There are 2 protein chains.
Amino acid sequence: MAFEITDEFLENLIGLIYKNDDTAIKVLFEEVHFADIAEVLDEVNFDEAIYIIKLLDSEKTSEILTELDEDTREKILENLSAKEIADEVGEMDSDDAADIIGELSEERQERVIDALEDDELAADIKELLSYEDNTAGALMAKELVKVYETWTVAGCMRRIRGQAKEVTRVHSIYVVDKQDKLVGRLSLKDLIIAKAEQKIAEISKTKVDAVNVNENDEEVAKIMAKYDLEAIPVVDDNNVLLGRITIDDIVDVLKEEADKDYQMAAGLTQDVDSDDSIFELTKARLPWLFLGLVGGVGAFIIMEGFHDIFSKYGTLFFFTPLIAAMAGNVGVQSSAIIVQGLANDDVKGSIYGRLLKEMLLAALNGVILALFLFIFVWIYKGEVNLSLAISVSLVVVIIIAGLIGTFVPLFLHKRGIDPAIATGPFITTSNDIFGILIYFMIAKMILGI
Amino acid sequence: MAFEITDEFLENLIGLIYKNDDTAIKVLFEEVHFADIAEVLDEVNFDEAIYIIKLLDSEKTSEILTELDEDTREKILENLSAKEIADEVGEMDSDDAADIIGELSEERQERVIDALEDDELAADIKELLSYEDNTAGALMAKELVKVYETWTVAGCMRRIRGQAKEVTRVHSIYVVDKQDKLVGRLSLKDLIIAKAEQKIAEISKTKVDAVNVNENDEEVAKIMAKYDLEAIPVVDDNNVLLGRITIDDIVDVLKEEADKDYQMAAGLTQDVDSDDSIFELTKARLPWLFLGLVGGVGAFIIMEGFHDIFSKYGTLFFFTPLIAAMAGNVGVQSSAIIVQGLANDDVKGSIYGRLLKEMLLAALNGVILALFLFIFVWIYKGEVNLSLAISVSLVVVIIIAGLIGTFVPLFLHKRGIDPAIATGPFITTSNDIFGILIYFMIAKMILGI
């Protein structure tokens, strides 16, 4: 379990590589899990990684490739021949194989698939590549254990001994009719507990959850999480069994989804990690920053519009960062709660109900905060009117910020747009502008200027 | 699969409840998955929910209870007698049972456990309740299939027929020695493929991943995700097999973790959903908002400190919201990338390297944005010095904001504090203040005031 990549380990490894001590290297990796070897490859330099990949036998390296971080894998695959890749891929489950081949250029895909010895796998991969990204079809594996409803338990046991060899994990045995339509499922457990002469139809559960091959993968993830499924069969429109999706793929989908939302909330326009190139990172960060700049210019223009009260009530201007910050924070809080609620399917009831609730909530928060502000300004400045103007407008700003933060994601969701884009900079920026505008308008009113 | 809670369905159901037409209600729920029934219970009013729970047989309702949203479950359990709860819990796996009993008050826990008919389950639940929250022990289930290394395949098959009945899903069969120490594992598949007379020791894999009972659950989640495990055995310090954790529990851990980080980034201090009470929501939202208020007051004091340049360069003050916004956005972006990198364990190399990279990155972004700002102010105001002062300080502010956003989470992480708290309002607020301070200082320098 507790394998740690120590500097000693790396030094030792690299030393062996330069001594070309292949046997020692093999021994070194003997007991190491492929997921850990993948991490090692991310650590060592590129030639060393290639050396290791070419050295270890493809049964192990195929697993490693699937675990590698995408950039590293891409570089490595570029340095392998179509034949070499085919050997690696030949050891993989169809879904992993398809994913990796899918990362190659069109014409390399051709050559690798042609180079595959196992024609059935080649056909499976071609099929899997044919499905659109982010669908059940693109996620599923073709490997599964399938039996016919007419078989007996004994016969079934004999037959699946063959099939099971190719399937890494047998979650369910799927029962089909002669047209290969899914009619039920049973677990190995059921099979073991049953009597040898029983018919499959007798012991199989006929109520079997399945997803359509064109279903969106995030939807599949929701379904599997909700119903605690560890594998789900994938069928076409005629309910013909095409493949199955296992929970470990879903774990990845969930993680990606969460990362995506988190990054959107942070104002990153694409999936980046801290190790990406500065150019990549700039591409991801600049767009929202630019929006922020435009927003700031908007705020500038608004404030300039009020410059006439500048001489008399300059203090008002010193509070604009506070107003903007509060508007932004409140907006982000409200939108985050809605976005998360939508993601977990627990936003029910009418929009108006929500807005009303948010209004009360924001008002409550606003009044509490404004009270502190009022006292501070009063003590600090000794001007009741000014304190009143600032505090009252703070309350209004907070309420409106909350309403915007609640409404926008709900609106986007209704329009079929991912509400997550409404979090972070988008809300912050728009709230900055609205906030400052409202602030000065109300302050002016109260101060009677 | 596609069960939708329609208004018709609800009306119909509620109608039947008031007619006390129990048989019809049972028929109505016949084909409905318990996870869907749980959602129905969240929809109907409280008495109706109780009515349904008491009506359906505990085999079904026990499943429903585990799926229910915590608040609803709490209310329902309050209205069930210790005996009734014991009947529900008696149908559950030990981990779900322990979770639900754990939600009860100390003395109710006692009474429910005493009321359990199954003494073994009672003992298991007591044990599970004894482990600390968020440890492998608190997450695991006691149900598993265990065989002794000395058994033969045939004998093993016979024995596990018994054990398997109690285990919902058999992922792995765990092999132990006479002291119950974990020595290996095999899958049902291996068992089916093997020959009847073979010894378990011959066909079992001796390299078996396991986690210690005191391991943190997020760590367990990482391990299972990394190694694509669907179940992992839990052992004590002497490697004695205590239980197992299955992937569906891990899916929940991952979701909770992601939600938590997301909420922290949005400035929510505790897990809330949009349906919580206004009081709950205020408790979650007010703390960070208050921090924002304090930050805003800080910004006010800084700006007032510069009020002497007010008459001459009032325009500078109109740009403070822009400066603050940019500082905040940059800081949040940098910290989010680091926080996510830390969560996925792919932040490697030295802190200084990271900070240097962030500096270059921020400088690049900053210069591009400052260029636009410079041109705008120049055209709009026609004052080169002013434009220069504002743009140059924007660049510096962005660089420093980026550095803060990068450094703080790394620092917290090194100190063993969850870096996620460094995202959102925390970074935004501190960057607002620093940003504005730096902005005026540099502007003053350049304008030679």
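No experiment lies behind these values; they were computed from the predicted model shown. Sequence lines set the chain letters: A, B, ... in the order given, protein chains first and strands last, and positions in each chain run from 1.
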Heavy-atom distance under 4.5 Å to chain A: side chain of [X], backbone, both or neither?
X	result
B/Thr282	both
B/Asp261	both
B/Glu63	neither
B/Asn365	both
B/Ile302	neither
B/Ser334	both

Look at [options] and state which one has the largest set of heavy-atom pairs under 4.5 Å with chain A.
options	value
B/Leu254, B/Leu364, B/Asp432, B/Ile323	B/Leu364
B/Ile338, B/Ile250, B/Val330	B/Val330
B/Gly341, B/Pro321, B/Ala324, B/Ala325	B/Pro321
B/Asp190, B/Thr428, B/Ile247	B/Ile247

Exercise. Between CG of A/Asp228 and CG of B/Asp96, what distance do you get to the nearest 0.5 Å?
Worked result: 8.0 Å

For this session: Can you measure from CG (B/Leu281) to CG (A/Leu361) and round to the nearest 0.5 angstrom?
Result: 5.5 Å

Problem set entry | Other residues, nucleotides, ligands: >12 heavy atoms within 6.0 Å of B/Met359 CE | no

Exercise. Any chance CZ of B/Phe372 has more than 12 other-residue heavy atoms, nucleotides or ligands included, within less than 6.0 Å?
Worked result: no

Write down the atom of [X], the atom of [Y], and the distance for their closest heavy-atom approach.
X	Y	value
A/Tyr262	B/Ala265	CE1-CB, 3.8 Å
A/Val297	B/Leu322	N-CD1, 3.5 Å
B/Leu293	A/Leu369	CD2-O, 3.7 Å
A/Met326	B/Leu289	CE-O, 3.3 Å
A/Asn329	B/Trp288	ND2-O, 4.5 Å

Exercise. Parallel, tilted or perpendicular for A/Phe376 and B/Phe300, by the 30°/60° rule?
Worked result: perpendicular

Need one label for [X]: side chain, backbone, both or neither, based on atoms under 4.5 Å from any heavy atom in chain B.
X	value
A/Ile436	side chain
A/Phe34	neither
A/Leu394	side chain
A/Leu191	neither

Exercise. Are any non-hydrogen side-chain atoms of A/Met224 and B/Val251 less than 4.5 angstrom apart?
Worked result: no

Exercise. Is B/His307 close to A/Thr315 at the side-chain level, that is, under 4.5 Å between some pair of heavy atoms?
Worked result: no

For this session: Begin from the C-alpha positions of B/Phe319 and A/Met303 and carry the test side chain to side chain contact (heavy atoms under 4.5 Å, CB included) through to its verdict.
Result: CA-CA 9 Å; B/Phe319 281 102; A/Met303 285 169 79; over 6 Å; no

For this session: Report the C-alpha distance between B/Gln263 and A/Gln333 in whole Å, list the side-chain angles of each, state the deciding distance to 0.1 Å, and finish with yes or no for side chain to side chain contact (heavy atoms under 4.5 Å, CB included).
Result: CA-CA 8 Å; B/Gln263 287 172 323; A/Gln333 286 181 334; over 6 Å; no

For this session: Against chain B, work out which of A/Phe306, A/Phe290, A/Phe279, A/Phe317 has the most heavy-atom pairs shorter than 4.5 Å and name it.
Result: A/Phe290

For this session: Please determine, among A/Val377, A/Ile337, A/Val332, the option with the most heavy-atom pairs under 4.5 Å with chain B.
Result: A/Ile337

For this session: Please report the C-alpha distance between B/Lys381 and A/Glu304 in whole Å, then the side-chain angles of each, then the deciding distance to 0.1 Å, and finally whether the side chain to side chain contact (heavy atoms under 4.5 Å, CB included) criterion is met.
Result: CA-CA 11 Å; B/Lys381 286 296 204 180; A/Glu304 229 199 5; 2.5 Å; yes

Exercise. Between the main-chain N or O of A/Asp259 and the side-chain N or O of B/Gln340, is there a donor-acceptor pair closer than 3.5 Å?
Worked result: yes

Exercise. When you check the gap from the basic side-chain N to the acidic O, do B/Lys357 and A/Glu280 get nearer than 4.0 Å?
Worked result: no

Exercise. Using a distance-only test with no angle check, is there a side-chain donor-acceptor pair under 3.5 angstrom linking A/Glu67 and B/Tyr227?
Worked result: no

